[in-house]
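What you are looking at is a predicted structure, and each value in this text was computed from that prediction instead of being measured. One-based numbering along the sequence shown.
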Amino acid sequence: MAQLQQALDEYSYFSVREIRVTGSQRLSRGQIVSIAGLKPGMNIWKIDPRSIEMKLSSHPWIRQGMVRREFPQRVLIRVEEWVPKAIVALEKLYYVDREGYIFKTVQSGEAANLPFITGLGNEESVFDNPFARQKIVEAIKLNDRLTANSVALSEIRFLSHEGVVVYPISHPVPLYMGWGDWPVKVQRLKRVLAEWKGREKRLASLNMSFRNQIVVKLKGD
């Protein structure tokens, strides 16, 4: 058996000639191959797919990696990258995906053109907390619905009492959204913003926390 393994190790027919990478958007093929520790000419029998998958998954931008050997000379790598949907502000800034998973810190020079989620509390009360994760998920759903209706947000702030207040980029007025029932509230908001188009600077705030109405507060009131 040992002689057979030695023969396979030395047989050039099993030297890797192709490393194919799919699924990567943020990381380049070269980066993926480097993280995996692969290079052409390696003996395919000496490649441990599970070990490489663990290396890939340890990278902060890679959610999951899949590695498969295709004998005699090809290795296939498929990666699933994390997709940031917002930035959670705790003691540090963290990227979070649409399922509410905080997956990495925001480093200097990385993109920060995402809505900030604030007011969640300290890190100890947020990390590995399913209730906090669900709140983040709902905040992202609200952001997606508002963005789809041309109301892009700079911040979603959780209030100490029930609900959130959001700060649009294009409208200089805080929007108190309460909690839940986003489709109805967003449609109601659209109608009010259309009525106040061109006069937004007169608005101090809009409050949608109440059932079937919006409370409009004007500056100077």
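- Atom CD1 in I156 sits 11.5 Å away from atom CD1 in I87 (nearest 0.5 Å).
- When each of V75, V67, I77 is checked for a side-chain contact (heavy atoms from CB on, under 4.5 Å) with P49, only V67 meets the rule.
- Taking the side chain as every heavy atom from C-beta outward, N143 and K85 never approach each other to under 4.5 Å.
- A donor atom on one side chain and an acceptor atom on the other are found under 3.5 Å apart for S125 and N122.
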Tell me, with the steps shown, if V192 and L206 meet side-chain contact (heavy atoms from CB on, under 4.5 Å).
CA-CA 9 Å; V192 172; L206 297 177; 4.1 Å; yes
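- The closest side-chain donor-acceptor pair between E53 and S51, if any, does not fall under 3.5 angstrom.
- Checking side-chain atoms of T147 against main-chain N and O of A152 turns up no donor-acceptor pair under 3.5 Å.
- The environment of Y176 atom OH is sparse: at most 12 non-hydrogen atoms of other residues, nucleotides or ligands sit within 6.0 angstrom.
- Listed by first and then second residue, the ring-ring contact (aromatic ring centres under 6.0 Å, His included) pairs involving residues 70-91 are W45-F71, W82-F103 (not counting sequence neighbours).
- For the pair I117/V164, no side-chain contact is recorded, criterion being any heavy-atom separation below 4.5 Å from C-beta on.
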Could you go step by step and tell me if V166 and R157 meet the side-chain contact (heavy atoms from CB on, under 4.5 Å) rule?
CA-CA 6 Å; V166 302; R157 172 173 286 277; over 6 Å; no
Given salt bridge (charged side-chain N to carboxylate O under 4.0 Å, His left out), test R63 with E99 step by step and report yes or no.
CA-CA 13 Å; R63 183 169 189 168; E99 296 176 4; 3.0 Å; yes
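- Between F116 and Y167, the distance from one ring center to the other does not fall under 6.0 angstrom.
- Side chain of K219 to main chain of K201: a donor-acceptor pair is present (N/O by atom type, distance under 3.5 Å, no hydrogens or angles).
- The backbone N or O of G30 sits nowhere less than 3.5 Å from a side-chain atom of S34 that would complete a donor-acceptor pair.
- A donor-acceptor pair under 3.5 Å is formed between the side chain of Q31 and the backbone N or O of S28.
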Could you walk me through whether Y94 and Y101 pass the ring-ring contact (aromatic ring centres under 6.0 Å, His included) check?
CA-CA 10 Å; Y94 296 90; Y101 288 107; over 10 Å; no
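- Between L27 and H59, the closest side-chain pair of non-hydrogen atoms falls below 4.5 Å.
- Around the CZ atom of R98, the shell of radius 6.0 Å holds no more than 12 heavy atoms that belong to other residues, nucleotides or ligands.
- Here salt bridge (Lys or Arg N to Asp or Glu O under 4.0 Å) pairs that include residues 111-137, with residues two or more places apart or in two chains, number zero.
- Remark: side-chain polar atoms of R199 are paired, donor with acceptor, to backbone N or O of E195 under 3.5 angstrom.
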I would like to know whether I140 and V96 meet side-chain contact (heavy atoms from CB on, under 4.5 Å); could you show each step before the answer?
CA-CA 10 Å; I140 291 172; V96 63; 4.3 Å; yes
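- In this structure, R26 forms a cation-pi arrangement with W61, its terminal cationic atom sitting closer than 6.0 Å to the ring centre and no more than 45° off the ring axis.
- Looking only at distances, a side-chain donor or acceptor of D48 sits under 3.5 Å from a matching main-chain atom of R50.
- The shortest side-chain heavy-atom distance between L93 and V88 does not fall under the 4.5 Å cut-off.
- For CD of Q25, the number of neighbouring non-hydrogen atoms (other residues, nucleotides, ligands) closer than 6.0 Å is 12 at most.
- Separation of atoms CD1 (I44) and OG (S15) is listed at 9.5 Å; rounding is to 0.5 Å.
- Judged purely by distance below 3.5 Å, without hydrogens or angles, the side chains of S24 and E81 never pair a donor atom with an acceptor atom.
- When atom types are taken as modelled, the side chain of E200 and the backbone of G198 share a donor-acceptor pair closer than 3.5 angstrom.
- Two residues are said to be in side-chain contact when any heavy atoms from C-beta on lie closer than 4.5 Å; P115 and E155 fail this criterion.
- Between the side chains of E138 and W182, at least one donor N or O lies within less than 3.5 Å of an accepting N or O.
- Side chain of K185 to main chain of M177: a donor-acceptor pair is present (N/O by atom type, distance under 3.5 Å, no hydrogens or angles).
- In this structure the side chain of I102 never reaches within 4.5 angstrom of the side chain of D97, judged on heavy atoms.
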Between T22 and L76, is the side-chain contact (heavy atoms from CB on, under 4.5 Å) condition met? List the steps.
CA-CA 8 Å; T22 60; L76 302 181; over 6 Å; no
